[in-house]
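Proteins get letters first, then strands, A, B, ... in listed order; numbering begins at 1 in each. Only a predicted model underlies this, so the values are computations on that prediction, with no experimental measurement involved. The figures here come from the full heavy-atom set of this structure, side chains too, leaving out hydrogens, waters and symmetry mates.
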Number of protein chains: 2
Amino acid sequence: MKESVIRTRILEVASRLFYEQGYNSTGINQIIQEAEIARGSLYNHFPSKRDLLTAYIQNSENLWFMGLDEFLKPIEDPKQKLLAMFDYRIDRQLRSKFGGCHFNKIGAEVSGDDLDAFVLVQHQKDRLKTYIMALLGLVTPVQPAAIGKEMLLDTLFLLMEGATVAASAYKDSQPLKDARKIAEILLG
Amino acid sequence: MKESVIRTRILEVASRLFYEQGYNSTGINQIIQEAEIARGSLYNHFPSKRDLLTAYIQNSENLWFMGLDEFLKPIEDPKQKLLAMFDYRIDRQLRSKFGGCHFNKIGAEVSGDDLDAFVLVQHQKDRLKTYIMALLGLVTPVQPAAIGKEMLLDTLFLLMEGATVAASAYKDSQPLKDARKIAEILLG
DNA sequence: GTCTATAGCTGGATAGAC
DNA sequence: GTCTATCCAGCTATAGAC
């Protein structure tokens, strides 16, 4: 399994560069240089740059949800878990200096010409919605809620998406804090 | 003013390509070819590709708000105007085959290395918030609203942002329709 | 499987004729 | 102010030695 050491290093370096500089602005040359491996080695593990991209998205999705699980683990109450999802995004945006959502960034960059990447971005969003829905199902409603549970799911999802985009644009966590407050009211 | 004819054609072609293919994926060669002008002419009007980018963002912002004004003109009631803002985005996304928000796309692509572009993207968002706020100020509240006006502004803004991103990712107007429904409930 | 060398092309930008 | 010719650095990808 020694070969996967190199593979991992390539993927790690590429992931960082794709996220920080953008996929199209990152060249193979820079990747092999910073990963300190040879050109041929990269193409041995990833037949094309596009394959590297799909591996990046899939890996990022897994890391994202693993990080979320870890972040929410100490919290018991499902409502508090839902609210902490905003905290998770704040935490991540702070760490990445408000680099924005990995998946929306890729979606904005390759929209159209890369169907694989496109489907993978959708997959992350579907998984996020499923995650929210599962938590919502555990919430015991305190009041007959002016807004139905299905609509509440949409609202929370859209608030998260919008707040992350806005936080990245302003390089400020305030939109995510605002969204959290709104969610708190809506969850009753 | 004959020179501005060429300038306009360059900007129009570049705008279309930047939006459809992305800024980094669009080369000068393609722009001059499709605009049917010479290399030197482009650099005469725009000293660098980056200048072309800032012109693109500014022009797009103006067109965006002019289009919005036009779209909302026949509507009287401020609440209906607010809801129609979602219809405007649906209309635009349908026309662009769900290409997404011009400004978020650029924000995702140049984040960091182009301060000018970054500030211009923020400018569009500020202007959008001001637009929503002005309409909200004209709405006569039917009920004591569980959610304050300032928070309502944030909510509407974040819903618009999130729904546009999601609509683009799914290539479907449903998220924008969902957001509109939510807004309708929140506006009472 | 990892390496170096290089092919083949396209990027943004400039110089100088007209 | 519009054009053509051209520079050089960068790109993705392949070939072939070890």
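In this structure, a donor-acceptor pair under 3.5 Å is absent between the side chains of Tyr56(A) and Asp51(A).
Ion pair Arg9(B)/Glu36(B) not flagged as a salt bridge, since none of the NZ, NE, NH1 or NH2 atoms sits closer than 4.0 Å to an Asp/Glu carboxylate oxygen. For Arg50(B) and Asp116(B), the salt-bridge test fails: no basic side-chain N is under 4.0 Å from an acidic carboxylate O. With salt bridges taken as basic N to acidic carboxylate O contacts below 4.0 Å, one links Arg95(A) and Asp91(A).
Counting to the nearest Å, the P atom of dT2(C) and the CD1 atom of Ile10(A) are 8 Å from each other. Between Phe46(A) atom CZ and dT12(D) atom C1' the separation is 16 Å, expressed in whole Å. With rounding to whole Å, Asn29(B) atom CG is found 5 Å from dG11(C) atom P. As a whole-Å value, the separation of Ile32(A) CD1 from dC11(D) P is 10 Å. In this structure, CG of Leu42(A) is placed 10 Å from P of dT12(D), rounded to the nearest angstrom. Atom P of nucleotide dG1(C) and atom CZ of Arg9(A) are separated by 16 Å, given to the nearest angstrom. Straight-line distance from the CZ atom of Arg7(B) to the P atom of dT2(D): 12 Å, rounded to whole Å. At whole-Å resolution of the value, NZ in Lys49(B) and P in dG12(C) are 4 Å apart.
Nearest to the side-chain atoms of His45(B) among the listed nucleotides dC3(D), dT2(C), dT2(D) stands dT2(D). The side chain of Ile6(A) has dT2(C) as its nearest neighbour among dT14(D), dC11(D), dT2(C). Comparing dT4(C), dA13(D), dC3(D) by their closest approach to the side chain of Ile37(B) singles out dC3(D).
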Would you tabulate the side-chain donor-acceptor contacts of residues 180-188 of chain B under 3.5 Å, counting partners in other chains and residues two or more places apart, or write 'none'?
| residue | atom | partner | partner atom | Å |
| --- | --- | --- | --- | --- |
| Arg180(B) | NE | Asp87(B) | OD1 | 3.0 |
| Arg180(B) | NE | Asp87(B) | OD2 | 3.3 |
| Arg180(B) | NH2 | Asp87(B) | OD2 | 3.1 |

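Among the protein residues, Thr26(B) comes within range of the sugar-phosphate backbone only, with heavy atoms under 4.0 Å from sugar or phosphate atoms but none that close to a base.
If Asn24(A) and Glu36(B) are placed on DNA chain D by their nearest nucleotide, the residue sitting closer to the 5' end is Glu36(B).
OP1 and OP2 of dG1(C) both lie 4.0 Å or more from every side-chain N or O belonging to Ser41(A). Using a 4.0 Å cut-off, no side-chain N or O of Asn44(B) falls inside it from OP1 or OP2 of dG1(D).
Atom OH of Tyr170(A) is separated from atom CZ of Phe98(A) by 13.5 Å, given to the nearest 0.5 angstrom.
When hydrophobic clusters are built by joining Ile, Leu, Val, Met, Phe, Trp and Tyr residues whose side-chain heavy atoms come closer than 4.5 Å, directly or via intermediates, Val165(A) is not grouped with Val121(A).
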Which atoms of nucleotides 15-18 of chain C (N or O only) lie under 3.5 Å from a protein N or O atom, and what are those distances?
none

